[in-house]
Structure formats: C-alpha cells, structure tokens
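Because the structure is predicted, anything quoted here is derived from the model rather than measured.
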Amino acid sequence: ARGVGDTFGRTLIDLFHNEAYHRARVWTGPEGAGVEPLRAALRAGSGAVLVTGHFGQWEAVRAWLRTEGINAAGVYRPTENPALNARYLRNLEAGGAPIFPKGARSLRGMVAHVARGGVVAILTDQYDRRAREFDFLGRPAPTVTAPAELALKFKVPLVPCYGIRDPDGTHVRVEIEAPIAHTTATKMTQAINDSLAARVRAHPEQYYWLHRRWEKSLPGMKG
C-alpha cells in the first residue's frame, strides 16, 4: 500500500511537469521483443496502437517515441475542475498530440488519426459500464475492445508497452512487448488484460489500485 502511494505521487508530479520530464530523460531502453517490430511499422508509416494501463510511468513510453521523431496521440478523461483540466491537458499535449477526450469524440479522432498512419497510446484499464466484461486478475472487468478493433481495421500492430520504475522510484525502464497477434477483437482484448495482469503481479506496488477497475459488487462481496 505504501508503494502504491509512492508511485502515484511520483507519477502525478511527472505528469504535471511533463515537458520537464521529457527533457530529463530519466528512462532507459527501450527493450523487449516488440521494439524492432514497432520500429519497422513506424518506418513504414503504417501507424500503431499502443496499449498500457495505470501502471508505473506510462508517459516514459511516449517520451521515448519523441526521441524517435514520433508524436504519440493519447486519450484522457477530463477533470471537473476547469483550471486543473487546462493544466492537465496542456501537460499531456507536451508529451505528444493530439490528445482526445474520452467518449464518442475520442473514438472518431482515434480512427482518423490511425487511418492517417498515426500512433495512439491508450490506457485500457478504465472502468466503462458499457463495455464487455473480460477477465482481469481473476475478476470480471468491463474493458473496451476499441484498441483491438482499431488494430484490426487498419492492419496495424497492437503493442503492449510499459514504463516500469526502478527501485529508486525515479528512473524508468521502457519495455515493449511483442505485438499481439491479429485474431479477433475478443481474443486480442483478453490478451491486453493478460499482459497488464502479468505486470501487476510482478510489481503490484506500481499499479493504481486507487481507481475503480471492477464492478462495485463482486461474487462473495456484500453490497
């Protein structure tokens, strides 16, 4: 629990000073089986869909892409405080643009962006009561299938990416997993959840258990 609080605090500070975070380059890598396939797709201009979760410091992935000359678009959930939201959005855009607000407008924007050969990074572990349920850490978790559907529609790689904090809490390792095989949106979405679940099991202190992920009422729970 202390580790979660530490990770959350560090990531919040990084995000609200995103331009400085990119300049500091306190990340290493990338490493992993997906690095070269992703680079090949970027060289070909075909675009890509990157998936991750509220884990570690995901912004390090977009920071690495900036060094490769790639602006990775993103999706965010607007806050209710206008002043805070303006600052939050400004810092997200400093890490790559465009940034799409969550909702129908976001989906349209992502479709157009990927169709033009763009790269989009999506945090897939946000609760969405309209989404289908998929297993996540042994529990049913509503998960949108849009990332898999985008990858299938435009025949681009669907790549799990993570920024994993080192024990010092500051430095981050950028890890790019092998692209998820194109099968069906259902199978690919479950593979996304399985990828993130493996990371959470390995580093539970780096996952944001503070946000709602599962249904309010689960089997065996009261209320």
Check: Tyr208 ring centroid to Phe55 ring centroid under 6.0 Å: no
Trp214/Phe136 aromatic ring centres below 6.0 Å: yes
Pair Arg62-Asn18, side chain to side chain contact (heavy atoms under 4.5 Å, CB included): steps then yes or no: CA-CA 11 Å; Arg62 294 206 306 152; Asn18 207 14; 4.2 Å; yes
Heavy-atom side-chain proximity of Asn193 to Thr143 below 4.5 angstrom: yes
Rounded distance [0.5 Å steps], CD in Glu68 versus CZ in Arg39: 4.0 Å
Minimum side-chain heavy-atom gap Asp166-Val172 below 4.5 Å: no
SB check Glu19 Arg90 (cutoff 4.0 Å): no
Residue pair Tyr127 / Arg212, side-chain donor-acceptor N/O under 3.5 Å: yes
Side-chain ion pair, Arg199 and Glu175, N-O less than 4.0 Å: yes
Any Thr52 side-chain heavy atom under 4.5 Å of Thr124 side chain: no
Donor-acceptor side-chain pairing of His211 and Gln126 below 3.5 angstrom: no
Polar side chain donor-acceptor pair, Tyr162 to Ser195, under 3.5 angstrom: yes
Heavy-atom side-chain contact between Leu42 and Ile70 under 4.5 Å: yes
Side chains of Trp27 and Thr170 in contact at under 4.5 Å (non-hydrogen atoms): no
Closest heavy-atom pair and its distance - Pro147, Ile192: CB-CD1, 4.4 Å
Identified side chain to side chain donor-acceptor pair (under 3.5 Å) counterpart of Arg132 within the set Thr189, Thr186, Thr145: Thr186
Salt-bridge present (Asp6, Arg10; N to O < 4.0 Å): yes
Tyr76 side chain reached by Pro101 side chain, heavy atoms, under 4.5 Å: yes
Any Tyr207 side-chain heavy atom under 4.5 Å of Arg213 side chain: yes
Heavy-atom closest pair, residues Asp135 and Leu137: OD2-N, 3.9 Å
Evaluation steps, side chain to side chain contact (heavy atoms under 4.5 Å, CB included), between Leu50 and Leu65: CA-CA 11 Å; Leu50 311 182; Leu65 286 169; 3.5 Å; yes
Beyond-backbone contact of Lys102 with Asp128, side-chain heavy atoms, under 4.5 angstrom: yes
